[in-house]
Amino acid sequence: QVQMVESGGGLVQAGGSLRLSCAASGSIVSINAMNWYRQAPGKQRELVAGITSSSKTNYADSVKGRFTISRDYAKNTVYLQMNSLKPEDTAVYYCNAEVIVKTISTYTASYWGQGTQVTVSS
C-alpha cells in the first residue's frame, strides 16, 4: 500500500528555522495534493499548507510569508520550510497526501504520516 515517513522536527529557538520532510512510498501511481497539518495540545488539527499536482500552493494566514511548501516529484516527497518560527508554531506536524494507488485495482486514497514534533522556545 502506501507509507509516509516524516522527519525534520525538533527543538528550535524563536526566529529559527526547520525543514520538515515527508516521503511517500508504495503502490503509488501518482500523488495529487500534498499537505501539512499541525495539531497543538488542546487544539484542533489545522491545515498549514498544501500543494497540488500542478504546484499550486496555499497557506494558513498564520504562516503565510514564513513557511514554504514544495514537492520533489521524483522522490514523492513534500517539504515544509519553516522560517521565523514563533512559539505558537509549536505542534505536532503531520503530512498528508491524496494518492492514486494501484494494487489489484486503482483508487484514490488519503494517507497520513506519523507526525513529527516541532517545539519553538521563546
Side-chain angles (χ1 to χ4, degrees):
Q1 212 194 32
V2 176
Q3 301 80 44
M4 300 182 67
V5 180
E6 301 182 32
S7 63
L11 176 64
V12 66
Q13 292 181 320
S17 298
L18 287 172
R19 190 175 80 152
L20 306 183
S21 300
C22 180
S25 61
S27 303
I28 299 170
V29 176
S30 62
I31 299 176
N32 295 328
M34 301 190 81
N35 309 287
W36 286 99
Y37 289 77
R38 68 185 181 189
Q39 187 167 27
K43 293 188 175 182
Q44 293 180 303
R45 186 172 297 187
E46 64 173 343
L47 178 65
V48 177
I51 185 167
T52 69
S53 59
S54 60
S55 297
K56 290 184 178 181
T57 59
N58 64 282
Y59 299 92
D61 288 342
S62 60
V63 307
K64 207 166 190 176
R66 299 188 296 120
F67 291 10
T68 302
I69 188 170
S70 61
R71 290 175 63 166
D72 184 328
Y73 290 88
K75 295 182 178 180
N76 287 329
T77 299
V78 61
Y79 304 94
L80 185 67
Q81 179 66 47
M82 304 185 293
N83 298 325
S84 302
L85 283 162
K86 304 175 181 179
E88 50 262 45
D89 295 319
T90 296
V92 177
Y93 284 71
Y94 299 89
C95 64
N96 164 264
E98 295 178 10
V99 182
I100 299 176
V101 182
K102 186 177 181 180
T103 53
I104 193 169
S105 60
T106 301
Y107 57 94
T108 301
S110 180
Y111 294 91
W112 292 86
Q114 80 280 9
T116 185
Q117 177 70 48
V118 172
T119 302
V120 184
S121 62
S122 300

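Sequence positions, counted from 1, serve as the residue numbers for this chain. When reading the values below, keep in mind they use all heavy atoms of this one structure, side chains included, and skip hydrogens, waters and symmetry mates.
- Taking each heavy atom of W36 and L47 in turn, the nearest pair found is O-CD1, 3.6 Å.
- Separating the CD atom in E88 from the OG atom in S122 is a distance of 8.5 Å, to the nearest 0.5 Å.
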request  = Tell me, with the steps shown, if T108 and N32 meet side-chain hydrogen bond (donor to acceptor under 3.5 Å, both in side chains).
outcome  = CA-CA 9 Å; T108 301; N32 295 328; 4.8 Å; no

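- The shortest side-chain heavy-atom distance between I51 and Y79 does not fall under the 4.5 Å cut-off.
- By the 30° and 60° cut-offs, the orientation of the rings of W112 relative to Y37 is tilted.
- Nearest heavy-atom pair across R71 and T52 is NH1-O, 3.2 Å.
- Contact check for Q117 versus T90: side-chain heavy atoms found under the 4.5 Å cut-off.
- Rounded to the nearest 0.5 Å, atoms NZ (K43) and CZ (R38) are 8.0 Å apart.
- Between the CG atom of L11 and the OG atom of S121 there is a distance of 5.5 Å, given to the nearest 0.5 Å.
- Taking all atoms of both residues into account, the shortest heavy-atom contact from E6 to G115 is OE2-N, 3.1 Å.
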query = Could you walk me through whether M82 and L20 pass the side-chain contact (heavy atoms from CB on, under 4.5 Å) check?
reply = CA-CA 8 Å; M82 304 185 293; L20 306 183; 3.7 Å; yes

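- The hydrophobic cluster containing V92 does not contain M4, counting ILVMFWY residues as joined when their side-chain heavy atoms lie under 4.5 angstrom apart, directly or transitively.
- Across all non-hydrogen atoms, the minimal contact from N76 to M34 is O-CE, 4.2 Å.
- Considering only heavy atoms from C-beta on, I31 stays 4.5 Å or farther from I100 through its side chain.
- Two residues are said to be in side-chain contact when any heavy atoms from C-beta on lie closer than 4.5 Å; D89 and R66 meet this criterion.
- No continuous path of ILVMFWY side-chain contacts below 4.5 Å connects F67 to Y94, so the two sit in separate hydrophobic clusters.
- Interatomic distance, OG1 of T77 versus CG of D72, reported as 6.0 Å (0.5 Å rounding).
- Rounded to the nearest 0.5 angstrom, K102 NZ and S30 OG are separated by 12.0 Å.
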query = Should V2 and I28 be marked as a side-chain contact (heavy atoms from CB on, under 4.5 Å) after you check the CA-CA gap, both sets of side-chain angles, and the distance that decides it?
reply = CA-CA 7 Å; V2 176; I28 299 170; 4.0 Å; yes

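- Atoms OG and CD1, from S27 and I104 in turn, are 12.0 Å apart once rounded to the nearest 0.5 Å.
- Side-chain atoms of V48 and I69, non-hydrogen and from C-beta on, never get closer than 4.5 Å to each other.
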key: side-chain contact (heavy atoms from CB on, under 4.5 Å) between L85 and L18, worked out   = CA-CA 8 Å; L85 283 162; L18 287 172; 4.2 Å; yes

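- Looking only at side-chain heavy atoms (C-beta outward), Y59 and T68 come within less than 4.5 Å of each other.
- Side-chain contact between Y111 and C22 is absent, with no heavy atoms from C-beta onward closer than 4.5 Å.
- Here the closest heavy-atom approach between residue S17 and residue Q81 is recorded as CB-NE2, 4.0 Å.
- Put simply, the side chain of Y73 gets close to the backbone of S53: a donor and an acceptor are under 3.5 Å apart.
- Counting heavy-atom neighbours within 6.0 Å of Q44 CD, excluding the residue itself, gives a total of 12 or less.
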